[in-house]
Amino acid sequence: MRTIELTYPHTLILEELPETVAAIGFFDGIHKGHQHVIKTAIKEAKQRKMESAVITFYPHPSVVLRKDKQQVKYITPLREKQEVLQRLGVERLYIITFNSELAALEPQGFIDHFIKGLHIKHLVAGFDFSYGHKGSGNVDTITEHADGAFIFTKVDKVECDGEKISSTRIRKLLASGEIEKANALLGRPLLVDGFVVKGAQRGKQMGYPTANMQTNQDALLPKPGIYAVKIFYKQEKYEGMASLGFNPTFEANLAEPILEVHIFDYNHELYGEELLVEFHSFIREELKFPGMQQLKEQIANDEKQIRRFFSNPS
Ligand SMILES: Cc1cc2nc3c(=O)[nH]c(=O)nc-3n(C[C@H](O)[C@H](O)[C@H](O)COP(=O)(O)O)c2cc1C
Ligand SMILES: Nc1ncnc2c1ncn2[C@@H]1O[C@H](COP(=O)(O)OP(=O)(O)O)[C@@H](O)[C@H]1O
């Protein structure tokens, strides 16, 4: 997959670009609804012997439009998004910088510059896609703005349990610790990546070394607690347990939750290494114990429960 970052106005030359079928959207999470839109574009591209593409934006429009100081967190930060799209078989990824110039562009100008101007012959979007200044262009105006230059396909909403699958719904599930349900809507387990940094060195003392992770600032983390996780490290996959939280037994006031993972049946140094952590099941909330011994007993119980969870997938 070829990734091309574009800032308005781009300088790509139409004649040098392949005829393309593109799916367009913000696609945070690339959940099953998004996947349906993207797979529709890939299928159409194959049939028409054109290149398949995804057109997306970064950062999230709310960063520019609401100007709120709070950082936007993503279910799929840019890198994860790229990896998931690559796995889906997308050939070309356009990432359009969402800035105030882009936000000011009228719908017709947006279509002319970023759809016709990128040699898109067929555009696919979800039913609620909007574009142009104040989102005033929508799926009912695209065909008019296309003016015969490309075909448009609207993809209807995908539901699960009678409710629309959406990034907002997945965010709520993650915030309440309903990881299995969130994973079902994502169509794959939530993945968080990070580098191993030094902690307080208590883990080894307890018999449960925990790799403390420095995660991407952009990444949305689930509700704090103890989780059954799988860890990818150097092409290998391991089972383990994660603690995401504030370590109330030892720490008085951590500002941000820390993600720590104990890898089962593993015993090597990991400092400085990159780990990918897949969240599979929420086990319990973190608790404040009277001391290290009581916490250690609880962690031994967590281990039993998590090993059981992985050996009986239901
Ligand atoms: C499975 C598991 C469960 C944990 N549960 C708790 C908990 O309930 N309360 C708590 O204060 N810390 C909990 N922790 C975090 C430990 O306090 C932390 O891993 C330990 O202090 C080691 O920290 P260090 O890596 O900075 O040395 C848990 C850790 C693991 C791996
Ligand atoms: N099975 C394992 N799971 C996690 N980390 C391990 C494991 N075995 C060895 N380690 C190493 O031990 C470190 C964690 O030990 P710990 O005493 O908790 O130190 P720290 O407080 O620096 O995290 C990890 O960063 C890693 O280098």
Side-chain angles (χ1 to χ4, degrees), residues 73 77 79-80 173-183 189-217 219-314:
K73 305 274 186 180
R79 206 179 120 196
E80 278 74 38
L173 291 167
L174 293 175
S176 61
E178 292 169 84
I179 191 78
E180 277 112 328
K181 186 80 206 175
N183 289 347
L190 177 76
L191 187 80
V192 173
D193 104 59
F195 288 86
V196 179
V197 294
K198 277 227 155 119
Q201 310 279 296
R202 276 181 306 250
K204 282 176 189 157
Q205 222 180 310
M206 278 201 290
Y208 287 100
T210 52
N212 293 27
M213 310 270 297
Q214 181 147 46
T215 55
N216 182 343
Q217 281 298 306
L220 181 79
L221 296 172
K223 172 183 162 156
I226 313 309
Y227 289 87
V229 295
K230 289 190 180 175
I231 300 106
F232 291 92
Y233 171 56
K234 287 195 173 157
Q235 326 296 337
E236 294 283 337
K237 196 170 188 177
Y238 302 88
E239 291 171 353
M241 46 192 181
S243 159
L244 171 63
F246 301 89
N247 295 1
T249 305
F250 304 103
E251 309 283 349
N253 45 10
L254 284 186
E256 297 273 331
I258 308 179
L259 176 62
E260 305 178 38
V261 293
H262 171 75
I263 305 174
F264 292 152
D265 311 312
Y266 183 88
N267 189 14
H268 298 283
E269 283 307 339
L270 293 165
Y271 293 125
E273 298 290 328
E274 185 176 26
L275 305 181
L276 301 177
V277 181
E278 240 182 36
F279 288 76
H280 285 264
S281 180
F282 180 84
I283 301 299
R284 65 174 174 89
E285 312 238 347
E286 61 171 351
L287 299 164
K288 183 173 165 67
F289 288 92
M292 193 181 264
Q293 186 53 35
Q294 291 87 342
L295 172 59
K296 191 177 159 174
E297 284 164 19
Q298 177 60 52
I299 294 179
N301 284 332
D302 297 333
E303 177 180 1
K304 275 192 210 128
Q305 190 181 340
I306 293 170
R307 284 191 188 269
R308 229 180 297 127
F309 169 81
F310 282 126
S311 61
N312 303 305
S314 49

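All values below come from the heavy atoms of this structure, side chains included, with hydrogens, waters and symmetry mates left out. Read the numbers this way: they start at 1 and go in the same order the structure lists the ligands and their atoms.
The atoms of ligand 2 that sit less than 4.0 Å from any heavy atom of Ala200 are 21 (O). Those atoms of ligand 2 with a heavy atom of Lys198 less than 4.0 angstrom away are 22 (O). Under a 4.0 Å criterion applied to the non-hydrogen atoms of Val196, ligand 2 contributes the atoms 25 (O). Listed by number with element, the atoms of ligand 2 under 4.0 angstrom from any heavy atom of Asn267 are 8 (N), 9 (C).
Heavy atoms of His268 found under 4.0 angstrom from ligand 2 belong exclusively to the backbone. Residue Pro209 touches ligand 2 through backbone and side chain together, judged by heavy-atom distances below 4.0 Å. Proximity of Thr210 to ligand 2, defined as any heavy-atom pair under 4.0 Å, is shared by backbone and side chain alike.
Salt bridge annotation for Glu285-Lys223: present, with a cationic side-chain nitrogen under 4.0 angstrom from a carboxylate oxygen. Note on Arg79 versus Glu274: salt bridge recorded, some NZ/NE/NH1/NH2 to OD/OE distance being below 4.0 Å.
With sequence neighbours excluded, no residue satisfies side chain to side chain donor-acceptor pair (under 3.5 Å) with Ser243. Residues satisfying the side chain to side chain donor-acceptor pair (under 3.5 Å) test with Glu269, not counting sequence neighbours, are Lys204. The side chain to side chain donor-acceptor pair (under 3.5 Å) test applied to Asp193 returns no partner, not counting sequence neighbours.
Residue nearest to atom 4 (C) of ligand 2, selected from Asn212, Leu275, Ile231, Val261: Val261 (by heavy-atom distance).
Between Pro222 and Tyr227 there is a side-chain heavy-atom pair separated by less than 4.5 Å. Residues Lys234 and Glu273 form a side-chain contact, since some pair of their non-hydrogen atoms from C-beta on lies under 4.5 Å apart. Residues Glu180 and Ser281 have side chains in contact (heavy-atom distance under 4.5 Å, counting atoms from C-beta outward). Taking 4.5 Å as the limit, some side-chain heavy atom of Ile263 sits within range of a side-chain heavy atom of Leu270. A 4.5 Å side-chain heavy-atom check between Phe289 and Met292 finds every atom pair outside the cut-off.
No side-chain N or O of Gln298 forms a donor-acceptor pair with one of Gln294 less than 3.5 Å apart. Between the side chains of Glu260 and Asn247, a donor-acceptor pair is found at a separation under 3.5 Å.
Here the protein heavy atom with the shortest distance to atom 21 (O) of ligand 2 is Gln201 N, 2.6 Å. With hydrogens left out, the protein atom closest to atom 5 (N) of ligand 2 is Ala211 N, 3.7 Å, a heavy atom. From the protein, the heavy atom lying nearest to atom 19 (O) of ligand 2 is Tyr271 OH, 3.3 Å. For atom 3 (N) of ligand 2, the closest non-hydrogen atom on the protein side is Ile263 N, 3.0 Å. Of all protein heavy atoms, the one closest to atom 20 (P) of ligand 2 is Gly199 N, 3.3 Å. For atom 12 (O) of ligand 2, the closest non-hydrogen atom of the protein is Lys204 CE, 3.1 Å.
Ring-plane geometry between Tyr233 and Tyr238 is classed as tilted, the angle between the planes lying from 30 to 60 degrees on a 0 to 90 degree scale.
A cation-pi arrangement is not found for Lys296 relative to Tyr208, the charged atom failing to lie both closer than 6.0 Å to the ring centre and inside a 45° cone about the ring normal.
Listed by chain and number, residues touching ligand 1 at under 4.0 Å (heavy atoms only) are Gly199, Ala200, Gln201, Arg202, Gly203, Met206, Thr210, Asn212, Ile226, Met241, Ser243, Asn247, Pro248, Thr249, Phe250, Glu260, Arg284, Glu286, Leu287, Phe289, Leu295, Ile299, Asp302.
Residue-to-ligand polar distances place Leu270 within reach of ligand 2: an N/O pair is separated by less than 3.5 Å. Of the N or O atoms in Tyr208, none lie within a sub-3.5 Å distance of an N or O in ligand 2.
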